[in-house]
J.: 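Provided herewith is a single structure, encoded as structure tokens, for subsequent inquiry.
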Amino acid sequence: STFESPWISVDNPALRVKNEAEAQNEINTFVFFDLETTGLKNPVRITEICLVAVTRDSLLKTMKNFERLKNMSVASNNLLQEVHPRVISKISLCTKPMKDIEKSASVITGLSNLDLANLSQFDGSTIATINHFLGQFVKPLCLVAHNGSKYDFPILKGHLQVGHQLYALADGTLCCDSMTGLKAIHMNTISKPKSGKLSDIYRFYLNEGIPSAHRAESDVMALIACTVAAGQDFMDWMDKNAKDFNKNIKVRDC
Ligand code: DCM
Ligand code: MG
Ligand code: MG
Ligand code: MG
């Protein structure tokens with residue numbers, strides 16, 4: 001037998017033949033993602049990135065369980081324990097931003113330049129780490145970020161240019177903005193979140209504030225909770241509205 005790279009698995013699910021969801025053009029893997037950054041002024045540099053992958057099956061199972069408990073009028077503090085899938089895969093990285101972090105960004109994220117001084121900057125190896133992570137999962141794969149079309153996606157894309165080297169995410173990587181989607185599913189409902197902000201959506205579904213907001217991992221877990229609570233309508237919206245990350249996202253000056 002031929003020796004290939006030791007990290008290429010013989011049972012890589014990403015290489016399997018099409019399953020039912022893929023055949024029907026449904027997203028098979030949702031990768032919820034969030035960035036913390038140097039702030040709002042260009043160029044924006046990443047200080048923290050978290051990606052949490054959830055399979056469609058795992059997300060559906062959690063949605064059904066949550067719905068069942070909600071219909072049984074289970075108390076909200078007990079509901080909160082059931083709002084995250086058991087099967088999740090995550091990476092969370094802090095990176096040295098190579099520019100001053102705005103005071104207001106530092107205050108909300110709890111990250112200072114000094115805190116990040118001994119870390120690697122966001123570079124080709126960071127992108128390779130992300131691509132290796134995403135490579136494990138069954139496709140189609142969709143990145144989901146809150147306000148992603150205006151903020152996280154263009155900034156991530158801007159970071160794919162490293163010096164003179166231009167990197168890309170895997171061909172066919174999809175993305176969708178949960179702010180747009182969660183607004184869309186409440187278009188014709190009487191009861192709805194106060195605004196499109198993640199904190200207001202989280203409060204609408206879970207009756208409390210986001211625990212440890214503005215940590216990338218906490219924000220991602222809060223978004224997953226909102227996704228589970230929003231249920232099948234939001235999943236259908238993502239299937240219909242996912243866009244090609246490499247083709248459809250503009251690059252922000254980073
Ligand atoms: N941000 C900011 N000021 C705000 C909100 C956000 O400078 N009021 C920037 C810094 C955050 C980044 O956006 O690291 C991502 O925001 P969030 O924590 O909401 O994901
Ligand atoms: Mg965010
Ligand atoms: Mg590095
Ligand atoms: Mg955040």
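Atoms within a ligand are numbered from 1 in the order they appear, just like the ligands themselves.
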J.: Name the closest protein heavy atom to atom 10 (C) of ligand 1, giving the residue it belongs to and the distance to 0.1 Å.
T.: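 Nearest neighbour among protein heavy atoms for atom 10 (C) of ligand 1, to 0.1 Å: Thr37 OG1, 3.6 Å.
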J.: Are any of the side-chain nitrogens in Glu48 or Arg215 under 4.0 Å away from the carboxylate oxygens of its partner?
T.: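 Here Glu48 does not pair with Arg215 in a salt bridge, since their nearest N and O are not under 4.0 Å apart.
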J.: Counting both backbone and side chain atoms, is some N or O of Glu102 under 3.5 Å from an N or O of ligand 1?
T.: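 Min N/O separation from ligand 1 is not below 3.5 Å for Glu102.
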J.: Write out the residue and atom name of the closest protein heavy atom to atom 5 (C) of ligand 1, then the distance separating them to 0.1 Å.
T.: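 Protein heavy atom at minimum distance: Ile108 CD1, 3.6 Å.
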J.: Would you list the protein N, O or S atoms within less than 2.8 Å of the Mg ion (ligand 2), leaving out water?
T.: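 Short answer, with waters excluded from the count: Asp34 OD1.
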J.: For ligand 1, which atoms have a heavy atom of Gly39 less than 4.0 angstrom away?
T.: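 Those atoms are 7 (O).
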J.: For the residue pair Asp115 / Ser112, report whether a side-chain donor-acceptor contact shorter than 3.5 Å exists.
T.: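 Judged by distance alone, the side chains do pair up.
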J.: Evaluate the side-chain proximity of Phe122 to Leu156: yes if any heavy-atom separation is below 4.5 Å, no if none is.
T.: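 Counting from C-beta outward, Leu156 and Phe122 do come under 4.5 Å.
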J.: Using a 4.0 Å heavy-atom threshold (strictly under), name the region of Thr47 that reaches ligand 1: side chain, backbone, both or neither.
T.: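 Contact part for Thr47 vs ligand 1: neither.
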J.: Is it the case that the ring center of Tyr151 lies less than 6.0 angstrom away from the ring center of His146?
T.: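 Judged by ring-centre distance (under 6.0 Å), His146 and Tyr151 do not meet the cut-off.
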J.: Considering only protein heavy atoms, which is closest to atom 15 (C) of ligand 1, and at what distance to one decimal place?
T.: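 For atom 15 (C) of ligand 1, the nearest protein heavy atom comes out as Leu35 O, 3.3 Å.
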J.: Under 4.0 Å from a heavy atom of Thr109: give me the atoms of ligand 1 that qualify, with their elements.
T.: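 Counting from 1, the qualifying ligand atoms are 14 (O).
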J.: Return the orientation label for the Phe234 and Trp237 ring planes: parallel under 30°, perpendicular over 60°, tilted otherwise.
T.: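 Parallel, since the angle between the ring planes stays under 30°.
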J.: Would you say that Phe32 contacts Cys50 through its side chain, given a criterion of any heavy-atom pair below 4.5 Å between the two side chains?
T.: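 No. Closest side-chain heavy atoms not under 4.5 Å.
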J.: Give me the ring orientation class for Phe33 and Phe153: parallel if the planes are under 30° apart, tilted from 30 to 60°, perpendicular past 60°.
T.: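 Judged by the thresholds at 30° and 60°, the geometry between Phe33 and Phe153 is parallel.
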J.: Going hydrophobic residue to hydrophobic residue with side-chain gaps under 4.5 angstrom, can you get from Val31 over to Ile49?
T.: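 They do share one cluster, since a chain of ILVMFWY contacts under 4.5 Å joins Val31 to Ile49.
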J.: Can you pull out the closest protein heavy atom to atom 18 (O) of ligand 1? Residue, atom name and distance to 0.1 Å, please.
T.: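 Protein heavy atom at minimum distance: His214 ND1, 2.5 Å.
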J.: What is the nearest protein non-hydrogen atom to atom 14 (O) of ligand 1, stated with its residue, atom name and distance?
T.: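 Closest protein heavy atom to atom 14 (O) of ligand 1: Glu36 OE1, 2.6 Å.
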J.: Kindly compute the distance separating OG (Ser178) from CG (Leu223), expressed to the nearest 0.5 Å.
T.: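 Answer rounded to 0.5 Å: 4.0 Å.
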J.: Between Arg56 and Asp239, does any side-chain N to carboxylate O distance fall below 4.0 Å?
T.: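 Salt bridge flag = yes for Asp239 with Arg56.
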J.: Hey, could you give me the CG/CG distance between Asn28 and Asn25, rounded to the nearest 0.5 Å?
T.: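 If I round to the nearest 0.5 Å, the distance is 10.5 Å.
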J.: For the 3.5 Å polar cut-off, considering only N or O atoms, please tell me whether Asp34 and ligand 1 meet it.
T.: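 Yes; at least one N/O pair falls below 3.5 Å.
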J.: Taking the six-membered ring of Phe204 as reference, does the cationic atom of Lys192 (NZ for Lys, CZ for Arg) lie under 6.0 Å from its centre and within 45° of its axis?
T.: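 Negative - Lys192 is either too far from the ring of Phe204 or too far off its axis.
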J.: What protein heavy atom lies closest to atom 9 (C) of ligand 1? Include the residue and the distance to one decimal.
T.: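 It is Tyr151 OH, 3.5 Å.
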J.: Taking N or O atoms only and a 3.5 Å limit, does Asp219 qualify as a polar contact for ligand 1?
T.: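 Looking only at distances, the answer is yes, because the N/O contact criterion of under 3.5 Å is met.
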